[in-house]
Colleague: 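Can you read through this structure? Questions will come right after.
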Amino acid sequence: MPEAILRLDDIHVHFPVKRNWRGKARAWAHALNGVDLAVRRGETLGVVGESGCGKTTLAQVLMGLQHPTHGQLRWNNDLGQPNVQIVFQDPQSSLDPRLPVWKIMTEPVYVKGKAQEPAMRALAARLAEQVGLSPDYLNRYPHEFSGGQRQRIAIARALASDPDVIVLDEPTSALDISVQAQIINLLFKLQREHQLTYILISHNVSVIRHMSNRIAVMYLGQIVELGDTANVLARQRHPYTRLLLDAVPVLGSVLPENAVQAIPELPGNRVLPGGCFFLDRCAFRTQGCEHRQLLKPIPEETPAHSVRCHRYDHDEPDEK
Ligand SMILES: Nc1ncnc2c1ncn2[C@@H]1O[C@H](COP(=O)(O)OP(=O)(O)O)[C@@H](O)[C@H]1O
Ligand code: SF4
Ligand SMILES: [Mg+2]
């Protein structure tokens, strides 16, 4: 099994949402509530879950942009601290409209000064070639490109600093279907050429299925199921995963933000339930569910498949 490049140990992130007159926090949004995860070198780890379940906060922790309230981010000492970059969903808003493309692409490594400009332009030309853009376009501005081309520019920028890990936050969901496939193929090619590790956040189950080696399913700031893509899709073990994937009637359909049919509103997570976080919505609940559940491997399954539910082997809910 490939070595872990990054590890999250019991990561919690709580945001203050109400303060008293002295500025002391009175209420907290619990964005992450104990995330344990080892990211393996060279893999694509797909992260799925409804809007508000903590995907973006997880990405920010991985990027070092968000300091955990509790828990630790660690990396493999032999490999050193990995360089983590991100590609956002919407290239329109993530690219500075006032900068020419060569400056956008080289931004993570940009060194100011006239003397540096030729080196920066040469780097941009190499990056453009890698992502399939003509080097003739490098003096143009973002609005002069199509959505797919803008996403190529964003990918080039993520590559500029020679990263180990790239977080892809809904990388294709703002694009036309025909363009989505081209961007996915580009991501595959770059992964092979640069031995990249991807963390792919997506609502699109077919994108996840197509691209990921493993899937992590998130609910209320926790991973509730984690395993090889084929296993998780063939036999979902957590009741939430079943609901989430059942809500996607055919392969290729997109799970819309906030609009999963048959799933009621995500409960406000300002006050966390004492037991299993899924208790209120679970048709399988029974005695023992009022205790907090841990993400544990299923003993009889290899490759490892972990689930945060003690009833993972029940196919039907109990008779009422
Ligand atoms: N800066 C913030 N301040 C307060 N609450 C936040 C902040 N960022 C995220 N949250 C809350 O944390 C939860 C997780 O958010 P987020 O990580 O953006 O989820 P996702 O990306 O899965 O939609 C949500 O309930 C959200 O409202
Ligand atoms: S622990 Fe109980 S309530 Fe939670 S998902 Fe499993 S069966 Fe449902
Ligand atoms: Mg998000």
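Each ligand, and each atom within it, is numbered from 1 in the order the structure gives. Positions are given from 1, in the same order as the sequence printed here. Because the structure is predicted, anything quoted here is derived from the model rather than measured.
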Colleague: Specify the protein heavy atom at minimum distance from atom 4 (Fe) of ligand 2: its residue, its atom name, and the distance to 0.1 Å.
Modeller: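 Going atom by atom, the protein heavy atom closest to atom 4 (Fe) of ligand 2 ends up being Cys276 SG, 2.3 Å.
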Colleague: Can you list the ligand 1 atoms lying under 4.0 Å from a non-hydrogen atom of Ala29?
Modeller: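 Numbered from 1, ligand 1 contributes 5 (N).
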Colleague: Considering the heavy atoms of Thr57, write down every atom of ligand 1 situated less than 4.0 Å from one of them.
Modeller: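 Those atoms are 15 (O), 16 (P), 17 (O).
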Colleague: Atoms of ligand 1 less than 4.0 Å from Thr56 heavy atoms?
Modeller: 17 (O), 18 (O), 20 (P), 21 (O)
Colleague: Check whether Phe284 forms a cation-pi arrangement with Arg242 (NZ or CZ under 6.0 Å from the six-membered ring centre, at most 45° off the ring normal).
Modeller: yes
Colleague: Between Gly52 and ligand 1, is there a nitrogen or oxygen pair with a distance under 3.5 Å?
Modeller: yes
Colleague: Is any side-chain heavy atom of Leu32 closer than 4.5 Å to one of His12?
Modeller: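 No, too far: nothing below the 4.5 Å cut-off.
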Colleague: Answer with side chain, backbone, both or neither: which part of Glu50 has a heavy atom less than 4.0 angstrom from an atom of ligand 1?
Modeller: backbone
Colleague: Flag Cys289 as yes if one of its N/O/S atoms falls below 2.8 Å of atom 6 (Fe) of ligand 2, otherwise no.
Modeller: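 Short answer: no, not a single N, O or S atom is under the cut-off.
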Colleague: What verdict does the side-chain contact (heavy atoms from CB on, under 4.5 Å) test give for Val101 and Glu144, after you've listed the backbone C-alpha separation in whole Å, the side-chain angles of each residue and the deciding distance to 0.1 Å?
Modeller: CA-CA 10 Å; Val101 161; Glu144 298 176 74; over 6 Å; no
Colleague: Below 4.0 angstrom from a heavy atom of Phe284, which ligand 2 atoms are there? Numbered from 1 as shown, please.
Modeller: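 So the answer, numbered in order with elements, is 7 (S).
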Colleague: Show the atoms of ligand 2 that are less than 4.0 angstrom away from any heavy atom in Leu279.
Modeller: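 Those of ligand 2 that fall under 4.0 Å from Leu279 are 3 (S).
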Colleague: Does Thr69 reach the main-chain N or O of His14 with its side chain, forming a donor-acceptor pair under 3.5 Å?
Modeller: yes
Colleague: Counting each atom of ligand 2 from 1 as listed, which ones have a heavy atom of Gln293 under 4.0 Å away?
Modeller: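 Near Gln293, the atoms of ligand 2 are 1 (S).
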Colleague: Take atom NZ in Lys296; do more than 12 heavy atoms of anything else shown fall under 6.0 Å from it?
Modeller: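 Incorrect, the count does not exceed 12.
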Colleague: Please work out, at 4.0 Å between heavy atoms, whether the side chain, the backbone, both, or neither of Ala31 comes within that distance of ligand 1.
Modeller: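 Looking at Ala31 and ligand 1, atoms from backbone and side chain both fall under 4.0 Å.
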Colleague: Between Gln149 (side chain) and Ser146 (backbone), is there a donor-acceptor pair under 3.5 Å?
Modeller: yes
Colleague: Please state whether His238 comes within less than 4.0 angstrom of ligand 2, counting heavy atoms only.
Modeller: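 Yes, His238 has a heavy atom closer than 4.0 Å to ligand 2.
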Colleague: Show which atoms of ligand 2 fall inside a sub-4.0 Å distance from at least one heavy-atom site of Pro239.
Modeller: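 That gives atoms 5 (S) of ligand 2.
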Colleague: Are any of the N/O atoms in Cys53 less than 3.5 Å from those in ligand 1?
Modeller: yes
Colleague: So, do Ile5 and Glu43 sit near enough that their side-chain heavy atoms are less than 4.5 Å apart?
Modeller: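 Side-chain contact under 4.5 Å: no.
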Colleague: Going by the order shown, which atoms of ligand 1 are within less than 4.0 Å of some heavy atom of Ser51?
Modeller: 23 (O)
Colleague: Tell me, which protein residue and heavy-atom name are nearest atom 8 (Fe) of ligand 2, and how many Å apart are they?
Modeller: Cys282 SG, 2.3 Å
Colleague: Assess the residue pair Glu225 and Arg237 against the criterion (salt bridge (charged side-chain N to carboxylate O under 4.0 Å, His left out)); give the C-alpha distance rounded to whole Å, side-chain angles, the decisive distance to 0.1 Å, and a yes or no.
Modeller: CA-CA 7 Å; Glu225 184 156 358; Arg237 298 296 203 144; 5.9 Å; no
Colleague: N/O/S atom of Cys309 under 2.8 Å from atom 8 (Fe) of ligand 2, yes or no?
Modeller: no
Colleague: Using the ring centroid of each side chain, check whether Phe278 and His238 are separated by less than 6.0 Å.
Modeller: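 Yes, they do, as the ring centres are separated by less than 6.0 Å.
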Colleague: Looking at side-chain heavy atoms only, is the closest gap between Asp10 and Gln72 below 4.5 Å?
Modeller: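 With C-beta onward as the side chain, the pair stays apart.
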Colleague: So is Phe15 polar-close to ligand 1, meaning N/O to N/O under 3.5 Å?
Modeller: no
Colleague: Just jot down the ligand 2 atoms closer than 4.0 angstrom to any heavy atom of Arg285, in number order.
Modeller: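 Close to Arg285: 3 (S).
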Colleague: Answer side chain, backbone, both or neither: which part of Arg308 comes under 4.0 Å from ligand 2, heavy atoms only.
Modeller: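 It is neither part, as no heavy atom is under 4.0 Å.
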Colleague: State, yes or no, whether a side-chain contact exists between Asp162 and Asn83 at a heavy-atom distance under 4.5 Å.
Modeller: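 No - every pair of side-chain heavy atoms lies 4.5 Å or more apart.
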Colleague: Closest approach of Val307 and Ile298, non-hydrogen atoms and distance?
Modeller: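 Taking Val307 first and Ile298 second, the nearest heavy atoms are CG1-CG1, 3.8 Å.
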Colleague: Okay, side chain of Asn33, backbone of Leu220: is any donor-acceptor separation there less than 3.5 Å?
Modeller: yes
Colleague: Number the atoms of ligand 1 from 1 as they appear, then name those within less than 4.0 Å of a heavy atom of Gly54, with their elements.
Modeller: 14 (C), 16 (P), 17 (O), 19 (O), 20 (P), 22 (O)
